[in-house]
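Whatever order the structure lists them in is the order used to number ligands and atoms, beginning at 1.
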Amino acid sequence: MSTPLKIARLNANQSDFAEHLDALLAWEGVSDKAVNDRVEEIIAAVRANGDAALVEYTERFDGLSVDSMAGLILDRARLELALERITPEQREALSVAAERVRSYHEHQRQDSWRYTEADGTLLGQQITPLDRVGLYVPGGKASYPSSVLMNAIPAKVAGVPEVVMVVPTPRGEINELVLAAACLAGVDHVFTIGGAQAVAALAYGTESVPQVDKIVGPGNIYVATAKRAVFGQVGIDMIAGPSEILVVCDGQTDPDWIAMDLFSQAEHDEDAQSILLSPDAAFLDAVEASLNRLIGDLERDAIVRVSLETRGALIKVDDLEQACVLTNRIAPEHLELSVADPEALLPQVRHAGAIFMGRYTPEALGDYCAGPNHVLPTSGTARFSSPLGVYDFQKRSSLIFCSPDGASELGKTASVLARGESLTAHARSAEYRIKP
Ligand SMILES: NC(=O)c1ccc[n+]([C@@H]2O[C@H](COP(=O)([O-])OP(=O)(O)OC[C@H]3O[C@@H](n4cnc5c(N)ncnc54)[C@H](O)[C@@H]3O)[C@@H](O)[C@H]2O)c1
Ligand SMILES: N[C@H](CO)Cc1c[nH]c[nH+]1
Ligand SMILES: [Zn+2]
């Protein structure tokens with residue numbers, strides 16, 4: 001039996017609960033000055049020295065030494081080889097997941113639209129895919145073939161012609177499943193680089209890495225800080241930080257199941273966050289006992305322990321309504337409604353990246369193969385952000401066509417407003433089209 005877990009036990013009604021919760025949720029503070037300075041320095045070096053900086057940082061941070069940038073490029077043939085090398089069972093699982101992700105995302109494709117007014121004026125919106133996007137696939141502490149599918153498939157469904165993937169391969173250890181997933185998803189270029197240097201390369205381009213229009217995908221604090229720094233030079237999807245799970249349980253699910261659901265996100269990272277809310281104090285005790293009994297069986301028990309002891313909590317609430325109020329305050333990346341009637345709670349949930357409904361819907365299924373995207377807003381940003389989707393790879397252009405009659409009518413309105421702004425060239429431009 002390992003040392004008992006020191007996971008926070010809180011009651012939503014205790015007088016200092018709000019302070020405890022704020023402290024638990026604070027992650028922004030981790031992106032401190034030292035990280036910011038290092039990221040700025042890395043970006044500047046990549047801009048100045050291109051491929052040479054990538055080779056140097058890859059040796060320094062990933063322990064991978066290559067003679068030149070050529071050693072960090074994987075061509076299509078290498079991706080196809082990976083697809084052959086993995087086991088038939090893995091190939092089947094990847095294909096099933098890829099197909100489910102693809103068909104879910106097909107529903108998200110936005111189409112151009114237009115309408116015509118009585119005088120022949122046409123208005124609308126033209127939807128086009130981005131030209132070239134960069135996918136960041138994390139690879140520091142774990143490899144994520146599933147993240148390759150989740151990033152690349154929506155881009156391809158949107159019609160992006162060129163998809164550039166970066167993935168660190170610490171000490172040169174290549175994960176064949178990651179490459180096989182890239183092959184299946186139709187990724188066009190793969191570079192084995194990571195961290196802030198990979199983000200900088202995608203944003204500014206180097207001799208080998210093509211400059212992209214938008215960078216998507218999750219990563220650690222260096223990746224997140226770099227994405228924030230290059231925003232404006234390129235688009236970004238969101239700042240996806242450490243994984244999070246919030247479980248709301250009525251106390252009737254097997255405590256071992258809930259313990260494992262909490263572990264499932266804690267095992268990503270020491271900074272990952274797993275929280276359980278339940279109105280049943282005895283159930284919280286039972287889950288705590290399960291956590292203590294099961295943690296010893298985990299391969300990543302050391303990471304899980306730090307995550308649960310520093311950022312985890314088991315919280316007693318009055319009822320499921322109070323649990324929903326707290327859910328909206330936390331705005332978690334993943335919300336599990338492990339209750340008898342999840343539909344009944346749904347109207348009360350306003351902020352969550354993805355909502356897993358019912359006892360038989362563990363978050364892990366969504367991570368791999370349910371279909372919806374697993375790149376989701378974290379750290380409370382579900383208040384204003386949405387899951388990564390096809391819409392992130394499409395952009396909109398407004399369409400305006402004025403008939404002569406339409407221009408004459410609109411010209412009168414525009415003229416008045418332009419003169420009100422003292423912009424007389426605007427006014428005269430509009431007035432030329434007014435019929436006498
Ligand atoms: N939200 C999602 O959809 C999702 C999916 C998968 C993973 N994740 C999260 O992504 C994160 C992945 O992090 P990771 O570390 O495993 O991989 P990562 O690829 O994000 O980071 C590894 C890179 O970080 C850089 N780095 C590490 N230490 C550094 C240092 N001291 N100075 C400068 N650079 C340094 C290195 O360049 C290395 O290549 C985890 O937090 C995980 O929870 C999120
Ligand atoms: N839970 C992660 C997103 O927060 C995604 C993932 C990939 N593999 C396993 N899990
Ligand atoms: Zn996960």
Side-chain angles (χ1 to χ4, degrees), residues 27 30 34-43 45-46 53-54 56-64 72 97 101 135-151 165-173 175 177-178 181 191-201 216-227 237-246 260-274 300 303 307 311 332-336 353-354 356 362-370 372-379 381-382 385 387-388:
W27 179 70
V30 182
V35 171
N36 274 306
D37 289 351
R38 173 164 283 185
V39 166
E40 288 298 339
E41 186 191 313
I42 292 171
I43 293 173
V46 172
L54 295 178
E56 186 193 324
Y57 285 128
T58 302
E59 175 160 15
R60 180 159 6 143
F61 298 130
D62 294 333
L64 168 60
L72 300 175
V101 171
L135 311 183
Y136 189 92
V137 176
K141 294 179 185 156
S143 291
Y144 292 101
S146 54
S147 297
V148 177
L149 302 181
M150 298 290 176
N151 281 278
M165 175 176 128
V166 293
V167 56
T169 54
R171 296 163 302 284
E173 291 156 18
N175 182 300
L177 267 175
V178 164
F191 297 91
T192 54
I193 53 176
Q197 59 275 21
V199 173
V216 302
N220 67 8
I221 189 69
Y222 296 96
V223 174
T225 306
K227 277 174 75 179
D237 52 343
M238 65 183 91
I239 304 294
S243 306
E244 303 161 357
I245 184 169
L246 177 67
M260 202 52 75
D261 296 357
L262 297 171
F263 285 153
S264 77
Q265 294 314 286
E267 76 173 343
H268 276 292
D269 194 324
E270 288 87 349
D271 286 336
Q273 180 150 68
S274 302
R300 296 165 70 89
I303 294 176
S307 160
R311 303 205 67 215
E333 180 190 22
H334 307 101
L335 171 65
E336 268 187 31
F356 296 78
E363 195 258 295
L365 299 185
D367 278 349
Y368 295 104
C369 53
N373 211 287
H374 80 202
V375 182
L376 297 163
T378 58
S379 311
T381 58
S385 284
L388 183 70

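Ranking the protein heavy atoms by distance from atom 2 (C) of ligand 2 puts His268 NE2, 3.5 Å first. Scanning the protein heavy atoms around atom 1 (N) of ligand 2, the nearest turns out to be Gln265 OE1, 2.7 Å. The nearest protein atom to atom 4 (O) of ligand 2, hydrogens excluded, is given as Glu333 OE2, 2.7 Å; this is a heavy-atom distance.
When the options Gln265, Glu244, Arg38, His374 are ranked by their closest heavy atom to atom 31 (N) of ligand 1, first place goes to Arg38. Which of Ser243, Gly219, Pro168, Pro242 comes nearest to atom 11 (C) of ligand 1 through a heavy atom is settled by distance: it is Gly219.
The Zn ion (ligand 3) has no N, O or S atom of His374 closer than 2.8 Å.
Glu244 does not count as a contact of ligand 2, since none of its heavy atoms falls under 4.0 Å from the ligand.
In terms of N/O distances under 3.5 Å, ligand 1 is approached by Gly139. Looking at ligand 1, you won't find any N or O of Thr378 less than 3.5 Å from one of its N or O atoms. Between Tyr144 and ligand 1, no pair of N/O atoms sits closer than 3.5 Å. Any N or O atom pair closer than 3.5 Å counts here, and Tyr144 shares no such pair with ligand 2. Close N/O approach between Gln197 and ligand 1 is found [any backbone or side-chain N/O within under 3.5 Å].
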